[in-house]
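Reviewing the structure listed below.
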Amino acid sequence: MTTQTLQKKVYFFGNKETEGNRDQRNLLGGKGANLAEMTNLNIPVPPGFTITTNECLSYYKNNQQLSKELLEEIVANIKKIEKSSNKIFGDSENPLLFSVRSGARISMPGMMDTILNLGLNDEAVEGLSKQSQSEQFAWDSYRRFIQMFSSVVLEIEHHLFEEELTKLKQEINVELDMDLSAEHFKKLVQSYKKIIASNGKTFPQDPVEQLTLAISAVFNSWESERAYKYRKINKIPDHWGTAVNVQSMVFGNLGDDSGTGVCFTRNPSTGENKFYGEYLVNAQGEDVVAGIRTPEEIEKLNKIMPTIYKELVDIYKRLEQHFKEMQDMEFTIEKGKLYILQTRTGKRTAAAAIKIAVDMEKEKLIDKETALLRVTGDQLDQLLHPTIDPNAKVSVLAKGLPASPGAAVGQLVFNADDAEKWTGEGKQVLLIREETSPEDIGGMHAACGILTARGGMTSHAAVVARGMGKCCVAGCQTLQISAKAKTLKINDKTFKEGDYLSLNGTSGEVIEGKAPLQEVKTTEEFTKLLGWANDIRRLKVRTNAETEEDVKTAVKFGAEGIGLCRTEHMFFEAERIDFFREMILADTQEKRKEALNKLFLYQKEDFLKIFKLMPGLPITIRLLDPPLHEFLPHEESQIEELAKKIKTTKDSIKKKINSLHEQNPMLGHRGCRLAITYPEIYEMQTKAIIQAAIEAQQANTIVNPEIMIPLIGDVNELKTLRELVENTVKEILNKNNIHLNYQIGTMIEVPRAALMADKVASAADFFSFGTNDLTQMTYGLSRDDSSSFIPEYLNKKVWKEDPFQVLDQEGIGELIKIAIKKGRTQKSNLKIGICGEHGGEPRSVGFCHREKFDYVSCSPYRIPIAILSAAQEKIRHPE
Ligand code: PEP
Ligand code: MG
């Protein structure tokens, strides 16, 4: 017998015989492990069993078949439930009914399939009718089951059933499902059966067959398009699989002493430590989140069912204390008895995540390290997104629920596919939907904001948007949306696809046109959390910046210096670019030097400002990198204008442009190669750096300039340019009779430099990994052109991530490791940093910590993310 067949496949929960616990989430999924844990805590949970995630994997290995051994364990567990509930599966007197739900290791709300009321058939419906003493309820349950089963298992389109239901309601002129009588539901069951038959399918009457088909359907839904997309967005591995939870049904729709609800132990939007949630009286499971009836706030339950409310409060407090985490719970009240159907770690906004983590530390529920691990880099990123300027005059068209905070300005699209398509074309879009469903997940992720006409604070749109940190206004009832005509009518105004609107997810306002956005404001909790991260991390965090504004922002977020000042960005301003162009177009060295002299003053002033904004901190200034043709105009009118300005002819400019043209500019005359040809460029830049440093020093500012040479592939390039820089520095220092600390280092961005790092290190005081170019050149993948096909690589799972966004630790990482080892063998105190875009990406920062980098450098708004990620990695991998 193989170990696979020996492994236990099904775990029971529900009484003293409960077999699992919270530590088994990998095996039982989050939902299954927590159901078991709750029964261990004596919290009222309807009994059931969990089929393990291993079985999902076996199912796929076994050509999507459930094994014989699994079926035997399922049957044995049904017997156990029958015994503890005194009901019998499929019985015509006292039937036991099940819900069948998915449950992965990490919850994926709404992504996989759920079936309720399973076990009903033409006979059991009579039993349910007797047992509940309500024929109407029994037949409503039956038709709901057929509907769900048909769409999930038999894959018949859901709307066919909905249309039948709507038709019937119109015929007898009622609005709500609960206004239909038993006879109406019986009629509906007949028409549903006809729909099934006309689709060439059969509805199984045998409850065991229903169950096995439903279990297979849940396993199948792990591979559905929407679940796949969700995993991709949330970086959940495909090989985890899902568990299946089969649980005895309890009913919230048995009258006014029944109900159902969803609640959070703290506010998931703001993090406030206050019980939060919604419920509906006389309703079944999905009614609360479906957004069809508007639910009541949880406090109101205290008025109508005070004992239940007290019990619920007691349970939520116990669960939060036990899990030491904010919980999201689902409950049902069946004829005055409370049941908890699920508890899980609650999804929350970034702001709430920070507040809850900091508050829980204050309440001594968790320590600082745990608090730091509770917030993700992506959440910090969301928090650093803009909001609508409160002082701006805006025209508010409508108001919905403030479902997920932040602000979004974008063009209207009316379906998820368009949202993905338009975003792919570089547009910012708002996804407008009557209400969202799990199929919309890709479009919701692509859009910058979501607006719905229906649904509450726990509707699909609200929950998903909060988890994504995406601005969302939900349940805005004044909207009249036509998805078909792609129009949105608000009062007397009609907006078409492509028109601009703005959303304020914090107030729920829908605003006409493009509202002005304002800078992010950080909270006290945010500062506190970053303070803890600063105390813990080893890795230093610098910034990539060259403008005064960016440097100030970086200082505010706690940057410990500049890791990359791209000097070419300083030439792009209107006044300077002409001098730069003059320099390029000069036909003699003399003329070139003349133009460079003019640029010198600008550069020196810029560097001086930076030195003063970051006194005492290391400032890495990279000498000119891009090819010269990038600075020349290409349009006829601009060429003409330039010719006039610098007193030359259009033809001579065109000739120069032609002579500079390259087939492969990224592999052409750029970086240090420019300075080998035109040393006077680096000479001028060095002079500007050193002169600025001297002036700063004379004004009592401590300076630490680090001069960085880009695109080295061979140590001789570095040696040649190092000599040039050193000679230039010496000349100025000697002339001024002054001493200055400075360093000369290089970027490691050409694979050859990484492989020859011992030699390169002999001429370098520091290495800074330029992982943008290093990725480009190692993969042979153009930074500028590959975005057109990388999405296809990701869709087809050829790659897990875009290597320009997340460092390829396996390949590029290997090259980096070689370079560090060789570099530090040559020079043990070689300083090592990273300044490619990866320097602000959480997992890449983790890699840098483990590989003993001295610092990472990233754009100003990513500094908090880098700080947090560096601390988290230190907690996970203490040295
Ligand atoms: C790099 O290549 O990683 C880098 C930081 O330089 P740039 O992006 O300016 O080429
Ligand atoms: Mg580069």
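First listed ligand is number 1; within each ligand, the first listed atom is number 1.
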Q. Taking only heavy atoms of Glu749, which atoms of ligand 1 are found under 4.0 Å from at least one of them?
A. 1 (C), 2 (O), 6 (O)

Q | Structural part of Arg783 in contact with ligand 1, heavy atom criterion under 4.0 angstrom | A | side chain

Q: Identify, by atom number and element, the atoms of ligand 1 in contact range of Leu564, meaning under 4.0 Å from any of its heavy atoms.
A: 5 (C)

Q. Which atoms of ligand 1 sit under 4.0 Å from any heavy atom of Gly770?
A. 1 (C), 2 (O), 3 (O)

Q) N/O/S of Asp625 less than 2.8 Å from the Mg ion (ligand 2)? A) no

Q | Test: Arg783 and Glu837 ion pair at under 4.0 Å | A | no

Q: Applying ring pair (Phe, Tyr, Trp, His ring centres under 6.0 Å) between Tyr793 and each of Tyr779, Trp799, Phe804, report the one that passes.
A: Trp799

(Q) Just to verify, which of Phe600, Tyr602, Phe571 counts as forming a ring pair (Phe, Tyr, Trp, His ring centres under 6.0 Å) with Phe580? (A) Phe571

Q | Residue and atom name of the nearest protein heavy atom (relative to atom 6 (O) of ligand 1), distance in Å to one decimal | A | Arg622 NH1, 3.0 Å

Q: Kindly indicate whether the side chain of Ile816, heavy atoms from C-beta on, has any atom under 4.5 Å from the side chain of Phe853.
A: yes

(Q) Could you identify the single nearest non-hydrogen protein atom to atom 7 (P) of ligand 1 and state the distance to 0.1 Å? (A) Arg566 NH2, 3.4 Å

Q: For ligand 1, indicate whether the residue Leu774 contacts it via side chain, backbone, both or neither (heavy-atom separation under 4.0 Å).
A: neither

Q) Below 4.0 Å from any atom of ligand 1, is there a heavy atom belonging to Glu837? A) no

Q: Identify, for atom 5 (C) of ligand 1, the protein heavy atom at the shortest distance, and state residue, atom and that distance.
A: Cys835 O, 3.4 Å

Q) Applying a strict 4.0 Å limit to heavy atoms, is Met747 in contact with ligand 1? A) yes

Q: State whether Glu560 and Arg537 are salt-bridged, where the test is any N-O pair (Lys NZ or Arg NE/NH1/NH2 against Asp/Glu carboxylate O) under 4.0 Å.
A: yes

Q) Is the shortest N/O to N/O distance between Asp773 and ligand 1 below 3.5 Å? A) yes

Q) Do Leu585 and Leu642 come within less than 4.5 Å of each other through their side chains, counting heavy atoms only? A) yes

**Q.** Side chains of Thr728 and Lys687 in contact at under 4.5 Å (non-hydrogen atoms)
**A.** yes

Q: Classify the angle between the aromatic ring planes of Phe767 and Phe769 as parallel (below 30°), tilted (30 to 60°) or perpendicular (above 60°).
A: perpendicular

Q: Inspect the contact between Arg576 and Asp606 and indicate whether a charged nitrogen and a carboxylate oxygen are less than 4.0 angstrom apart.
A: yes

Q | Donor-acceptor under 3.5 Å (Thr775 side chain, Thr771 main chain) | A | yes

Q: Measuring from the Mg ion (ligand 2), name the closest N, O or S atom belonging to Glu749.
A: OE1

Q. Tell me, which N, O or S atom in Asp773 is closest to the Mg ion (ligand 2)?
A. OD2

Q. Just heavy atoms, cut-off under 4.0 Å: does Asn772 contact ligand 1 by side chain, backbone, both, or neither?
A. both

